[in-house]
Protein chains: 2
Amino acid sequence: MTLHHDIARKLADAGIPLTSQRLLIACELFAEHCHLSADELLQRVGSLTPDISRATVYNTLKLFSQKGLVQELVVENGKRVYDSNTAPHPHCYNADTGELTDVHQSLQLAGPLPELPPGTALERVDIIVRVRNVA
Amino acid sequence: MTLHHDIARKLADAGIPLTSQRLLIACELFAEHCHLSADELLQRVGSLTPDISRATVYNTLKLFSQKGLVQELVVENGKRVYDSNTAPHPHCYNADTGELTDVHQSLQLAGPLPELPPGTALERVDIIVRVRNVA
DNA sequence: TTCAGTTTTTAGACACAGTCTAAACCGGAA
DNA sequence: TTCCGGTTTAGACTGTGTCTAAAAACTGAA
């Protein structure tokens with residue numbers, strides 16, 4: 001059972017037809033737990049094969065996110081990053097460096113969730129710990 | 001004591017020299033508690049006097065944010081909004097409509113904050129309740 | 001008041017992330 | 001083989017925000 005087979009299975013389970021481009025993107029995305037932007041991913045994949053277009057990377061990431069394979073995050077500077085860890089977990093954002101890291105310790109909310117606006121259902125609760133470099 | 005005087009005092013207290021443009025922007029921003037993007041604000045101010053430039057709106061909002069008069073938020077779709085309520089409070093984001101609202105009930109974290117990365121200090125903790133419209 | 005120096009504002013060019021479009025491509029079924 | 005749907009592609013396009021250089025406005029001193 002190779003990594004490729006694992007990932008092909010993962011896509012099939014999510015109901016996503018396999019293509020060579022999707023396999024490549026998924027490999028890069030799931031190889032290590034990190035937070036990648038579309039352009040970073042495009043660069044990584046592009047350095048392997050020059051034959052993958054920007055639109056495909058964007059489409060594929062959106063598809064993966066819709067199917068629950070990755071979590072889309074927007075923290076700052078108008079750049080969305082994709083987290084291959086889909087379990088709910090807080091993030092730590094360094095406002096000076098722009099670095100985004102996972103917080104492995106689970107942070108629970110004390111008390112019940114607030115009343116949601118009428119006609120809406122909870123999707124998830126994002127917790128972002130913002131830090132700055134000390135002088 | 002008019003609204004203009006209140007706001008002029010507010011800027012002075014924050015160490016921001018007063019200009020007519022800053023006063024106009026601040027009025028629009030503090031008149032009602034809402035979440036405005038730079039372009040929305042530009043449109044509102046521009047409809048009053050056509051003589052205020054985009055760069056000024058962006059610069060002023062950044063200045064206000066640095067001085068702690070407003071809170072800058074980035075939620076999704078690469079658009080930053082400015083919240084005139086600077087007290088820490090959670091937000092509710094509707095992923096279907098893009099609407100961002102305040103949650104007035106305070107949400108505390110259970111347990112201590114996680115260990116911060118070395119060389120960093122806490123700025124704030126953002127809590128965003130993401131909801132979707134029910135079908 | 002005039003002058004010089006500083007701060008603020010301005011228009012427009014620019015950069016960047018992401019979307020859209022229309023055509024090309026691919027793979028399977030008939 | 002042809003047809004047909006889904007997928008990929010290049011490149012144009014949009015929208016948000018930044019940069020730059022020049023104009024304008026303010027400030028304090030003479």
Side-chain angles (χ1 to χ4, degrees), chain A residues 7-8 11-12 14-29 35-46 48-67 69-83 95 98 100, chain B residues 7-8 11-12 14-29 35-46 48-67 69-83 95 98 100:
Chain A
I7 289 177
L11 297 193
I16 298 173
L18 191 63
T19 69
S20 67
Q21 290 91 341
R22 288 176 182 160
L23 187 59
L24 268 176
I25 291 172
C27 277
E28 212 52 50
L29 208 47
H35 304 90
L36 287 173
S37 73
D39 271 331
E40 283 162 353
L41 195 58
L42 176 60
Q43 227 170 346
R44 292 198 184 192
V45 173
L48 302 175
T49 71
D51 303 322
I52 195 159
S53 80
R54 198 157 59 116
T56 299
V57 172
Y58 277 92
N59 290 340
T60 302
L61 286 172
K62 191 185 287 182
L63 179 66
F64 284 4
S65 158
Q66 281 166 353
K67 296 294 188 177
L69 290 182
V70 297
Q71 202 176 72
E72 188 182 282
L73 290 173
V74 180
V75 181
E76 206 166 290
N77 63 38
K79 215 171 175 181
R80 55 195 71 177
V81 297
Y82 294 88
D83 186 348
L100 185 68
Chain B
I7 288 177
L11 296 193
I16 299 174
L18 191 62
T19 69
S20 67
Q21 291 89 342
R22 286 175 184 160
L23 187 59
L24 267 177
I25 291 172
C27 277
E28 211 50 51
L29 208 46
H35 304 89
L36 287 173
S37 71
D39 271 331
E40 282 162 354
L41 195 58
L42 175 61
Q43 227 171 345
R44 293 197 184 194
V45 173
L48 301 175
T49 71
D51 303 321
I52 194 158
S53 80
R54 197 156 61 115
T56 299
V57 172
Y58 277 92
N59 290 341
T60 303
L61 286 173
K62 192 185 286 182
L63 179 66
F64 284 3
S65 157
Q66 282 166 355
K67 297 294 188 178
L69 291 182
V70 295
Q71 203 178 70
E72 188 182 282
L73 290 173
V74 180
V75 181
E76 205 166 291
N77 62 38
K79 213 171 176 179
R80 55 194 72 176
V81 298
Y82 294 87
D83 186 348
L100 185 69

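Only this structure's heavy atoms are used, side chains among them; waters, hydrogens and symmetry mates stay out. Chain naming here is simple, since letters A, B, ... match the order of the sequence lines and numbering starts at 1 in each.
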- Taking it one step at a time, do F64(B) and I25(B) satisfy side chain to side chain contact (heavy atoms under 4.5 Å, CB included)? CA-CA 10 Å; F64(B) 284 3; I25(B) 291 172; 4.3 Å; yes
- Task: Report the C-alpha separation of Y82(B) and L61(B) in whole Å, then their side-chain angles, then the decisive distance to 0.1 Å, and conclude whether the side chain to side chain contact (heavy atoms under 4.5 Å, CB included) test is met.
- Result: CA-CA 8 Å; Y82(B) 294 87; L61(B) 286 173; 3.6 Å; yes
- Begin from the C-alpha positions of L63(B) and I16(B) and carry the test side chain to side chain contact (heavy atoms under 4.5 Å, CB included) through to its verdict. CA-CA 8 Å; L63(B) 179 66; I16(B) 299 174; 3.8 Å; yes
- Task: Measure the spacing between OG of S37(B) and CD of Q43(B) and express it to the nearest 0.5 Å.
- Result: 8.5 Å
- Smallest separation among heavy atoms of A8(B) and L18(B), with atom names: CB-CD2, 4.0 Å
- Note on the structure: CG (N59(A)) and CD (Q21(A)) are apart, to the nearest 0.5 Å, by 11.0 Å
- Look up atom NZ in K62(A) and atom CZ in R80(A), then write down how far apart they are to the nearest 0.5 Å. 7.5 Å
- Query: Do L11(B) and L69(B) touch side chain to side chain, with heavy atoms closer than 4.5 Å?
  - Reply: yes
Mind listing the N/O atom pairs, protein and nucleotides 16-22 of chain C, below 3.5 Å?
unit_1  : atom_1 : unit_2 : atom_2 : d
dA17(C) : OP2    : D39(A) : OD2    : 3.2
dG18(C) : OP1    : R80(A) : N      : 2.9
dG18(C) : OP2    : Y58(A) : OH     : 3.1
dG18(C) : N7     : R54(A) : NH1    : 2.8
dG18(C) : O6     : R54(A) : NH2    : 2.9

- Starting at atom CG of L42(A), determine the distance to atom P of dT9(D), rounded to an integer number of angstrom. 10 Å
- Working for side chain to side chain contact (heavy atoms under 4.5 Å, CB included), residues D83(B) and V70(B): CA-CA 6 Å; D83(B) 186 348; V70(B) 295; over 6 Å; no
Between protein and nucleic acid, restricted to nucleotides 21-27 of chain D and to nitrogen or oxygen atoms under 3.5 Å apart, what atom pairs and distances do you find?
none

- Query: What is the per-nucleotide protein-contact pattern of nucleotides 23-30 of chain C, from the 5' end, where B denotes a base atom under 4.0 Å from a protein heavy atom, S denotes such proximity for sugar-phosphate atoms only, and - denotes neither?
  - Reply: --------
- Message: Tell me the interatomic distance from L24(A), atom CG, to dT8(D), atom P, rounded to whole angstroms.
- Response: 11 Å
- Task: Pick base, sugar-phosphate or nothing for T56(A), based on heavy-atom distances below 4.0 Å to the nucleic acid.
- Result: base
- Query: Side chains of D39(B) and L42(B): does their closest heavy-atom pair fall under 4.5 Å?
  - Reply: yes
